[in-house]
Amino acid sequence: MDDLQPQELASYTPADAPVPTSEVVVERGSTAQEMAPRLNRSAADVVRFLLQQGEMVTATQSLTDEMMELFAEEVGGTIRIVDPGAEQEQELQQILGLDDEIDPEDLAPRPPVVTVMGHVDHGKTKLLDRIRSANVVDGEAGGITQHIGAYQVDHNGQKLAFIDTPGHAAFTAMRARGAEATDIVVLVVAADDGVMPQTIEAIDHAKAAEVPIVVAINKIDRETADVNRVLAQLAERDLIPESYGGDIVTVEVSALEDLGIDDLLDQLLLVAEVEELTAVPEGRASGVVLESHLDKGRGPVSTILVQHGILAVGQPLVAGAAWGRIRAMLNDRGEQVKQAGPSTPVEVLGLSDVASSGAAFVVAQDEKTASKVADTREHWQRQASFAHTAAAASGGAKLEDIFKQIQAGEAATLNLIVKADVHGSLEALTESLRKLERDEVKLAFVSRGVGGITENDVQLAAATNATILGFNVRADRKGRSLADELGVEIRHYEIIYKLLEDVENAVLGLLEPEYEEVITGDAEVREIFKIPRIGSIAGCYVLNGVITRNSKVRFLREGTIIWRGTVSSLKRFKDDAREVAAGYECGIGLSDFQDLQAGDIIETFEEREIPRS
């Protein structure tokens, strides 16, 4: 022992010391020096064992989950790997008072929270459209609800809150989160289509959440509608309709023809009455974050559902690792409100950062407490991110190279940096991508975030040999230039099916011909001109490439796509122009788009078919 250095002494353990018989908690990304003492072993024992397994590591290098599990199995110990900060979170919960028991005498009746679920294109959004008399279907890509929306309606003098959840299989995580925050699930099933895969997933989520289910059999106006077939399929899934002698309420509706909507709302209020829903009507508010995103003009915006207490403007709020004093609150109609009680969904402005979807929020005792809790959570989340990144950086291949390794019979790791427009999409994408893992291909998420693709993302991708996947976001000009210089692969997507299909094809080694989007030019909006009977014209400066009349265009604000269409008119001074090159000013008119702001970017592109090799 006299020959040992001080650092080695710190982790020295006699070789015959007994390994703990109980489960040992180890943080993800721990080093040999950090992990070994918990199993009554030395860092040298870990390094020596891993060397025998062909793994070259040092005592201060982060270990992968597999490495730690192998060593624990070797010495006869049992470990549970947790993200950094998981144990500290319990202490933070106590500081905020989230673990305080609720006195039953403080409870009072509250409105029900209803989640609408079902298979894609079975009419969930159209049904909500009828209920709240506002059309949101037309603006959605491919007719799929991409983000969770929350709304409150009045029916016969009583309030109901609705949460709309996406129907595509990729958004399983979002539907699961919706079910956890709900009191009643409305399962929408198309009468002409019957029970489908996402219908079954929705049923599983509702059962897991142990909430009552009301089935809305939609599209009964269609000639091919077969209500009896739907009832039989539900019964096969242990949802026995009342007409079959069971307890599942079914309502026949047509969102298109506005049939059965009032009956559905009546049934929901009856179910809510039976459930005897209650909440704490006063005091510090708490609840859940449904969705969040970064808005250029307003900063971080979170859609939240108040579950207990009264939320008011000016209060210090902490939601996961984000905190701030509430600057403003808006209801589902975009109107500013001062307060929000139980079962009320509102948009909140004033947080320091984009809050994680599904995070619990609570009004803190004061700003100091809110800041301390959020900063502590951010620290541990950063540590967790470092742990994942350290594992990812140890190897990996790009999406374009992965099939070569597979075809050569080699195991491969696909390193990914994922950026999305809102947090819910990011979360759902991650869950969907994880399901594509195979024995011969592992996915490692080097980084995930909300917002446009930046130079920092490109530099990280270059350092870790990662592919950048952007969903509804774009790389800025500097990011694209740096990616070209460093050879970083950036892939942009607006439809989730295509993103998952590309990754799956790469994982399977099946590469098909595809269309490549070639950016032909981008221009910055400098000034807005209002032209009578024509509308808004963007006075622009062409930054790069050539802007051509009638070319396809994406309209970007802070790196996020807010509109797609074509260049309908192009002028130099007062004359029509066929094209305008970089370094010149021009006037651009866009088809069906008027929401122009100085600083926005107009990006034109064309599609070229290229062979994948």
Side-chain angles (χ1 to χ4, degrees), residues 132 134 136 139-141 145-152 161-166 171 174 177-178 181 285-307 311-340 344-364 367 370-371 374 377-378 381 419-429 448-452 454 471-474 555-563 595 597 599-600:
R132 68 179 188 274
V136 298
E140 292 172 359
T145 307
Q146 301 276 349
H147 313 137
I148 281 186
Y151 320 91
Q152 194 172 61
F162 284 87
I163 299 175
D164 181 21
T165 59
F171 292 92
M174 296 172 74
R177 184 171 65 252
S286 62
V288 64
V289 177
L290 295 177
E291 186 54 275
S292 55
H293 67 279
L294 188 63
D295 185 277
K296 179 182 179 181
R298 302 185 296 171
V301 179
S302 295
T303 301
I304 66 175
L305 177 69
V306 180
Q307 294 175 314
L311 189 66
V313 173
Q315 291 179 328
L317 188 77
V318 58
W323 76 281
R325 186 171 289 278
I326 300 176
R327 192 170 71 246
M329 288 195 303
L330 295 88
N331 61 20
D332 55 286
R333 294 180 296 279
E335 302 164 343
Q336 290 209 19
V337 293
K338 296 294 184 183
Q339 291 187 335
T344 304
V346 287
E347 270 193 345
V348 169
L349 281 65
L351 293 182
S352 59
D353 203 354
V354 177
S356 298
S357 300
F361 79 81
V362 66
V363 171
E367 286 190 56
S371 174
R377 283 174 173 166
E378 184 182 22
Q381 285 181 10
K419 300 297 290 286
D421 53 345
V422 294
H423 208 282
S425 296
L426 181 67
E427 199 176 272
L429 273 173
R448 301 181 302 131
V450 173
T454 65
F471 181 64
N472 256 0
V473 297
R474 305 290 297 176
F555 201 82
L556 308 176
R557 185 167 295 161
E558 290 290 301
T560 298
I561 301 166
I562 62 173
W563 179 82
D595 181 25
Q597 291 184 17
D600 291 339

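FYI, side chains are in, hydrogens and waters are out, and symmetry mates aren't considered; it's all heavy atoms of this structure.
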- Who passes salt bridge (Lys or Arg N to Asp or Glu O under 4.0 Å) against Glu558, sequence neighbours left out?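 With sequence neighbours excluded, Glu558 shows a salt bridge (Lys or Arg N to Asp or Glu O under 4.0 Å) to no residue whatsoever.
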
- Message: Donor-acceptor check, side chain of Ser292 to backbone of Ala355, threshold 3.5 angstrom: yes or no?
- Response: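 Yes; at least one donor-acceptor contact below 3.5 Å.
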
- Item | N/O donor-acceptor pair under 3.5 Å between Ser352 side chain and Ala322 backbone |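 Between the backbone of Ala322 and the side chain of Ser352 there is no qualifying donor-acceptor contact (under 3.5 Å).
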
Heavy-atom side-chain contact between [X] and [Y] under 4.5 Å:
X      : Y      : result
Ile304 : Val346 : yes
Leu349 : Leu330 : yes
Thr344 : Met329 : no

Applying side-chain hydrogen bond (donor to acceptor under 3.5 Å, both in side chains), name anything that partners [X], two or more places apart in sequence or on another chain.
X      : value
Arg557 : Asp595, Asp600
Asp295 : none
Gln597 : none
Thr454 : Asp457

- Message: Checking Ile561 now: which residues fulfil side chain to side chain contact (heavy atoms under 4.5 Å, CB included) with it, not counting sequence neighbours?
- Response: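 Ile561: side chain to side chain contact (heavy atoms under 4.5 Å, CB included) contacts with Arg474, Glu494, Arg554, Leu556, Arg564.
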
Which pair of non-hydrogen atoms, one from [X] and one from [Y], has the smallest distance, and what is that distance?
X      : Y      : value
Arg298 : Arg327 : O-NH2, 2.9 Å
Lys419 : Gly452 : NZ-O, 2.8 Å
Trp323 : Ala374 : CD1-CB, 3.5 Å
Pro316 : Arg325 : CD-NH1, 4.0 Å
Gly287 : Gln307 : CA-OE1, 3.3 Å
Ala319 : Val289 : CB-CG2, 3.9 Å

- Under the criterion side chain to side chain contact (heavy atoms under 4.5 Å, CB included), which of Val306, Val363, Leu317, Val362 is the partner of Ser286?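 Answer after filtering Val306, Val363, Leu317, Val362: Val362.
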
- Calculate, to the nearest 0.5 Å, the distance between atoms CD1 and CG belonging to Ile326 and Leu351 respectively.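 CG of Leu351 is found 7.5 Å from CD1 of Ile326.
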
- Message: Measuring from atom CD1 of Ile163 to atom OH of Tyr151, what distance do you get when rounded to the nearest 0.5 angstrom?
- Response: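 One gets 10.5 Å once the value is rounded to the nearest 0.5 Å.
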
- Item | Intermediate values then yes/no, side chain to side chain contact (heavy atoms under 4.5 Å, CB included), Val422 and Asn472 | CA-CA 9 Å; Val422 294; Asn472 256 0; over 6 Å; no

